[in-house]
Amino acid sequence: MPDKNYIRFINSDYKTLFHLPDGGRIRLTRSDGEQLDRVCRFIDECHTQVGNWTYHICEFAERMEQNGTKYEPLDYIRDMEFYPKHFFDLSDGGKDPAYRIIDETETHGFAFAPKGAGKGMKYCVFELVPCPGYRPRPGKVVMWGGTLQEVRPQDWGLNLTKIKGITQKPKAHPTHKH
């Protein structure tokens, strides 16, 4: 099976902002408010095609910053293997399911169990524990829920659009009978 290619979008300081699947779309919002949607193609780890133009990922970030253009994903990576796995302690006994960490802020993270978990424990918001010199690590769960409405990740500063785009099945479009 061929490796999957994901496009990394960064700012001019090389900080990762988000990833897109190959063929995913971004929305460019120009400084005058005009919005343009563009399909992106993976070229290699450091280059991507945005619409009809090929960029080094830092060149793209620098040009967008110079123009005052903001960019955000319209599509999200739905392959759960892309997201870090973590086992949160659900109980004293039994096998705990693997959760996938979908989003993080400076202080909190959001994870969900794609293969299912106990009732009311499909989603969780957890604290991030600082580790000097390293990436913060998942800490104590502060909220469990069986639905996104119960957990309310947006109240913790997490990106609800991203979370829904990854964890919810796309809505089926009605088929037309001929």
**Student:** Are the side chains of P97 and K115 in contact, using a 4.5 Å heavy-atom criterion?
**Tutor:**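 No, too far: nothing below the 4.5 Å cut-off.
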**Student:** Among Ile, Leu, Val, Met, Phe, Trp and Tyr joined by side-chain contacts under 4.5 Å, find the other residues sharing a cluster with I43 and list them by chain and number.
**Tutor:**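 Besides I43, the cluster holds no residue at all.
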**Student:** When you measure from the side chain of D13 to the backbone of K15, do you find a donor-acceptor pair of N or O atoms at a distance under 3.5 Å?
**Tutor:**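 No, the answer is negative, given that no donor and acceptor are paired below the 3.5 Å cut-off.
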**Student:** Closest heavy-atom contact between C46 and D44?
**Tutor:**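 Minimum heavy-atom separation between C46 and D44: N-OD1, 2.9 Å.
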**Student:** Could you pull out all residues at least two apart from D22 that satisfy side-chain hydrogen bond (donor to acceptor under 3.5 Å, both in side chains)?
**Tutor:**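 In terms of side-chain hydrogen bond (donor to acceptor under 3.5 Å, both in side chains), with neighbours along the sequence ignored, D22 is linked to no residue.
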**Student:** Is the shortest side-chain heavy-atom distance between D103 and P153 below 4.5 Å?
**Tutor:**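 Counting from C-beta outward, D103 and P153 never come under 4.5 Å.
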**Student:** Between R152 and Q154, does a side chain to side chain contact (heavy atoms under 4.5 Å, CB included) hold up when you go through it step by step?
**Tutor:** CA-CA 5 Å; R152 299 192 51 80; Q154 66 274 21; 3.4 Å; yes
**Student:** Any chance you could measure D37, atom CG, to R25, atom CZ, to the nearest 0.5 Å?
**Tutor:**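 D37 CG to R25 CZ: 6.5 Å, rounded to 0.5 Å.
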**Student:** Using the rule given for side chain to side chain contact (heavy atoms under 4.5 Å, CB included), can you reason through H108 versus E127, listing the C-alpha separation, both sets of side-chain angles and the distance that settles it, and then say yes or no?
**Tutor:** CA-CA 5 Å; H108 290 86; E127 292 178 344; 4.1 Å; yes
**Student:** Is there a path of hydrophobic side-chain contacts, each under 4.5 Å between heavy atoms of I, L, V, M, F, W or Y residues, that connects I7 with Y71?
**Tutor:**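 Yes, one cluster joins them.
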**Student:** Donor-acceptor pair, E150 side chain versus G146 backbone, under 3.5 Å?
**Tutor:**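 Judged by distance alone, yes, a pair lies under 3.5 Å.
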**Student:** Would you find more than 12 non-hydrogen atoms of other residues, nucleotides or ligands less than 6.0 Å from Q35 atom CD?
**Tutor:**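 More than 12 heavy atoms, drawn from other residues, nucleotides or ligands, come within 6.0 Å of this atom.
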**Student:** Linking directly or through intermediates, with side-chain heavy atoms under 4.5 Å: list the remaining ILVMFWY members grouped with V142, chain and number order.
**Tutor:**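 Members other than V142 - counting any ILVMFWY side chain reachable under 4.5 Å - are Y6, Y76, I77, M80, F82, Y83, I102, F110, F112, Y123, V125, M143, L148, V151, W156, L158, L160, I163, I166.
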**Student:** Give the cluster check for V141 versus I101: same hydrophobic cluster or not, with ILVMFWY residues linked at side-chain heavy-atom distances below 4.5 Å.
**Tutor:**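 Yes: a chain of side-chain contacts under 4.5 Å links V141 to I101.
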**Student:** Enter the distance from R41:CZ to L20:CG here, rounded to the nearest 0.5 Å.
**Tutor:**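 CG of L20 is found 11.0 Å from CZ of R41.
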**Student:** Once you round to the nearest 0.5 Å, how far does CZ of F126 lie from OH of Y99?
**Tutor:**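 Between F126 CZ and Y99 OH, I get 11.5 Å after rounding to 0.5 Å.
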**Student:** Got a second to check how far W144's CH2 is from K122's NZ, nearest 0.5 Å?
**Tutor:**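 Interatomic distance, W144 CH2 to K122 NZ, rounded to 0.5 Å: 14.0 Å.
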**Student:** For residues 22-44, pull every pair meeting ring-ring contact (aromatic ring centres under 6.0 Å, His included), keeping only residues two or more places apart or in separate chains.
**Tutor:**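 Qualifying pairs, neighbours excluded: none.
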**Student:** Quick one: pull up CG in L17 and CD1 in I10 and give me the separation to the nearest 0.5 Å.
**Tutor:**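 Between L17 CG and I10 CD1, I get 8.0 Å after rounding to 0.5 Å.
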**Student:** Hydrophobic clusters join Ile, Leu, Val, Met, Phe, Trp and Tyr when side-chain heavy atoms are under 4.5 Å apart, directly or via other members; which others share one with V129?
**Tutor:**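 Hydrophobic cluster check, V129: no partners found.
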**Student:** Going by atom type alone, with no hydrogens or angles, which donor-acceptor pairs under 3.5 Å involve a side-chain atom of residues 57-70 and a protein atom two or more places apart or on another chain?
**Tutor:**
unit_1	atom_1	unit_2	atom_2	d
E59	OE1	H56	N	3.3
E59	OE2	R63	NE	3.3
E59	OE2	R63	NH2	3.1
E65	OE1	S12	OG	2.7
E65	OE2	S12	N	3.0
E65	OE2	S12	OG	3.2
N67	ND2	R63	O	3.2

**Student:** Shared ILVMFWY cluster between F9 and V39, side chains joined below 4.5 angstrom?
**Tutor:**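 No, separate clusters.
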**Student:** For the residue pair I26 and C40, what are the closest heavy atoms and their distance?
**Tutor:**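 I26 and C40 have their closest heavy atoms at CG1-SG, 3.8 Å.
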**Student:** Nearest 0.5 Å please: distance from the CG atom of D79 over to the CZ atom of R100.
**Tutor:**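 Nearest 0.5 Å value for the CG-CZ distance: 8.5 Å.
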